[in-house]
Amino acid sequence: MTQELTVGVGAGELATADMVLNIGPQHPSTHGVLRLRIVLDGERIRHAEPIVGYMHRGAEKLFEVRDYRQIIVLANRHDWLSAFANELGVVLAVERMTGIQAPERAVWARTLLAELNRVLNHLMFLGSYPLELGAITPVFYAFREREVLQAVMEEISGGRMHYMFNRVGGLKEDLPAGWLGRTAEAVAVVRRRMADLEGLLVGNEIFRARTAGVGVLSAELVHGYGVSGPIARASGVDFDLRRDEPYLAYAELFAPGGPGRVVTRSAGDALARFECLLEQVHVSLDLADACVDRIAALPRGPINVRLPKVLKAPEGATYAWTENPLGINGYYLVSRGEKTPWRLKLRSASFNNVQVLAEILPGNLVADMVSILGSMFFVVGDVDK
Amino acid sequence: MSVLDLLLRLVLLLACFLVLPLVVGQIEHKAMAHMQSRLGPMYAGGFHGWAQLVADGVKFAQKEDVLPAAADPWVFRLAPALALLPYLVVLALIPVGAGQAVVSADVGIFLVLAVMGIGIIGTVMAGWASANKFSVLGALRAAAQLLSYELPLVLAAASVAMAAGTLSLPGIVEAWRPWWLLWQLPGALIFLVAGLAELSRSPFDMPVAESEIIFGAYTEYAGLRFALFLLAEYAGIVVLGALTTVLFLGGWKWPFLVGGLGWLWTLVKTLAVAFLVIWLRVSLPRLREDQLQRLAWAWLVPLALVQLMITGVVRVMG
C-alpha cells in the first residue's frame, strides 16, 4: 500500500528550502559518535550520508607495534559488545600461521564463550532498539538477563566487557570448579525469562507498525555493500560462517541434526532484522547448552599449549574471519617473521553495515530514520576502529 | 460566594495544582521502576525517596537560565507559562464534589475544551523561539498532532454532553448513572486516547521523542523554565484524569460512603486514570506522527461519530 504523507513544512507550492540536519555526532540514537548528515524536506529525508571516524583510534597501525599477546588486548576493543569474538579472530589467525593447535577442551570452551558473548551482544540491541522506538521497559529486562550471563563471564575471565581470555593456543586458564553447572543454570534462566522481553514486543501492533516494511534492504544491496551478520540474513542472504566455513567446534554443532541452525528472514525490513536477532539468541542458548554438555563429557586435559618466550609468526599471510555477533569480522595478517605483524588489516562488521544507510534512508521520515538506524545494530567503535 | 470563600478556594486550587502533579510524578517514578524491576528513587526524603521531585525542583531552581543566542527572547521566556496556565484554568472548572468547583460555568465543557487547546501554542512558541532545528521539528509535530486528536476529543465529550443534556460539568455528573459506563464506553476510550495525544504522552510522545529529535520543542530549555514544561506535562495528566472522571466515570459518585467524601472519590478516580497513563508509557512503543493521524481519522473520528449516534438513539428512545 502506498501512502502520500505531508508532515511538517516544505510541502506543496510554498517556496521552501531543504534543511540540513546533523544527527550526531552527539545524539541519543547514534550509540556514541556516529554522525549522519541528512537533508530534510519537512521530516522527509532527501539525502543521507553517514560520516564516520570520530572515534578512529588507528587500531590497525597500533597492531603493528605490538606483539601477538598484546594485540589481543587491543583487538577485543573495537566492538566493545563482542570482545570475546574479536579476540578469537586474532588468535585463530596467529594459530593458523604458527601451526599451533589448540586442545580440544579449549576449542569447546571457546565455542561456548563465543556463543554466550553473542547472546550478551544481542540482548543489548534487543533492549536498546525498542528504547529508540519509545518502548522504555524492554531494556531493563534485557539488562537483567545480561547480568545473569555477565556473572558467569566475569567469574571465568574477571572481565565484564573486555574478557581478554583468549590466548594463542587456547584460553588463559581452565574453567573454575562448578562453573559449567552455573553456566547451564544461567542459560536456563535467560531462556526462561526471554518470554518477558518477547511478550512486550512480539505481536505488539505499534512495534509492528514502526518496523514492518521500514528500511527494506534488498539482497543486492547486501552484496553490494558487504553487509553481513543478522542484518544480511534478515534480507534472505543465507550466509553464516559458523556453518559455511566452520571454525572452532561449529562444524559439529551445525552438522545435520545438531543444535545449530542459521536464522534467516526474507522481508529485509527492520522487523525482520529484529526477529533475526531475537531468534539467534535462542539458537545461541541452545548452542551454549550443547557446548556445556560436551565439555562436561570431555576427559580432563590441558586448556592451552606452552608457548615460546617470543612468539613469532612465520613469513606469510592469512585471513581469519569469524561470524561475530554483528557480522563478519576478519583479520588479514601479514607477517615478515617478526614478533609483530607487518600488517594486520581489520575488517569489522559495523563499518560495512552502516555504509548502506546512505542507500536506504532517503525517502523515509526522521522517525523512521531512528527505526532504521537502530535496526542496523552497529557499534561505533566497530565502525571507526 | 463571599470574597473569603473565593480566596480559600483559590488557595486550595493552587495547592492542588502544585501538589497533584508531583504526586503523579512520584507515582510514575515508583510504579514505573517496579514494573521495570528497579527500585526508583530511594534516598531523597528518607522514606522510599518521597521527596525526589521536591529535590528535583530545588535543583531546577538553582540552574542557570540559559537563553540561546539566536532565540527570540520574549517568546522563548513566555512559552512555558503559556503551556502551563491553561491547565490551571481547566482545573479551576473541575467539580470535585457536589457544588465544589472553584469556578462554575454553565458551558463548562465547552470552556474546558477550548482552554485546553491553548496549551499547544506554548509548545509551538517554544519550538519556534528556540532557533534550533530539532525544536522546530518538535513544534511542528506537536502542531500536526493537534490536528489529529482535537476532533475526536471534542466529539467524545459532545456525546456525554448530549447524554446528560447539559454543557455544565457538575450537571453532567448529576445526570450520570452507572450504566453510562457501558453506554459511553467507546466515547471514554476515545477521549482517553485523544487525551494522551494532547498531552504528548506515550505512545503519542512524538513531539518530544528523545531518540529522534532530542527533546523536541523543549530541547533548549533548562532550569526553571524546563521544570515548568515538565510540570505542565504532569498537570496535564491530572487534568486529563479529572476530566475523564467527571465526564465518564461519574465524578464524585460512588456506590457507598459518598456523604462529604465526594472529593476523595474524584481524587481516587483521577489518580486511577493517571496510573493508567503511566502504565501505558511503560508498556508501549511510540507511534509515528502519520500513524497517529491515520488512527485518529480512520478509527477515532468514525468511532466517535458512531458513539454520538448511539447516544442520540438512546436519548430519543429513552
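Order of the sequence lines fixes the chain letters, A, B, ..., with proteins taken first and strands second; residue numbering starts at 1 for each chain.
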**Asked** How long is the gap from CE on B:Met35 to OG1 on A:Thr137, to the nearest 0.5 Å?
**Response** 8.5 Å

**Item:** For the student: nearest non-hydrogen atoms of B:Arg288 and A:Ala367, plus distance
**Value:** CG-CB, 3.5 Å

**Request:** Look at atom CH2 of A:Trp80 and say whether more than 12 heavy atoms of other residues, nucleotides or ligands are closer to it than 6.0 Å.
**Result:** yes

**Prompt:** Where on A:Asp196 is there a heavy atom nearer than 4.5 Å to chain B: the side chain, the backbone, both, or neither?
**Reply:** neither

**Fill in**
On a heavy-atom basis, the closest approach of A:Leu200 and B:Ser283 is CD2-O, 4.0 Å

**Prompt:** Between A:Ala135, A:Pro138, A:Gly374, which has the largest tally of heavy atom pairs under 4.5 Å with chain B?
**Reply:** A:Ala135

**Message:** With a sphere of 6.0 Å drawn around CZ of A:Arg265, does it hold more than 12 non-hydrogen atoms of other residues, nucleotides or ligands?
**Reply:** yes

**Prompt:** Which pair of heavy atoms, one from A:Gly134 and one from B:Ser202, lies closest together, and at what distance?
**Reply:** O-OG, 4.5 Å

**Item:** Contact summary for A:Asn22 and B:Phe134, nearest pair of heavy atoms
**Value:** O-CZ, 3.8 Å

**Item:** Per-residue contact mode, B:Gln291 against chain A (heavy atom under 4.5 angstrom)
**Value:** side chain

**Complete:** Max heavy-atom pairs within cutoff under 4.5 Å with chain B, candidates A:Ile206, A:Leu21, A:Val20, goes to A:Ile206

**Item:** Residue part contacting chain A, namely of B:Met206, when any heavy atom lies under 4.5 Å
**Value:** neither

**Prompt:** More than 12 heavy atoms of other residues, nucleotides or ligands under 6.0 Å from NZ of B:Lys63: is that the case?
**Reply:** no

**Prompt:** Relative to chain B, which segment of A:Arg210 carries a heavy atom at a distance below 4.5 Å: side chain, backbone, both, or neither?
**Reply:** both

**Message:** Any heavy-atom pair between the side chains of A:Met19 and B:Leu137 that's under 4.5 Å?
**Reply:** yes

**Request:** For atom CZ of B:Arg38, decide whether the heavy atoms of other residues, nucleotides or ligands shown that lie under 6.0 angstrom number more than 12.
**Result:** yes

**Request:** Can you tell which part of A:Leu131 gets under 4.5 Å to a heavy atom of chain B, answering side chain, backbone, both or neither?
**Result:** backbone

**Asked** If you measure from CD1 on A:Ile23 to CD1 on B:Ile213, what distance do you get to the nearest 0.5 Å?
**Response** 9.5 Å

**Asked** Can you tell me if CD on A:Glu49 sees more than 12 non-hydrogen neighbours from other groups inside 6.0 Å?
**Response** yes

**Item:** Structural part of A:Tyr141 lying under 4.5 Å from a heavy atom of chain B
**Value:** side chain

**Request:** Give the intermediate values and the outcome of side-chain contact (heavy atoms from CB on, under 4.5 Å) for residues B:Met32 and A:Ile136.
**Result:** CA-CA 10 Å; B:Met32 194 156 89; A:Ile136 52 181; 3.7 Å; yes

**Item:** Most chain A-contacting option - heavy-atom pairs closer than 4.5 Å, from B:Arg281, B:Gln293, B:Lys133
**Value:** B:Lys133

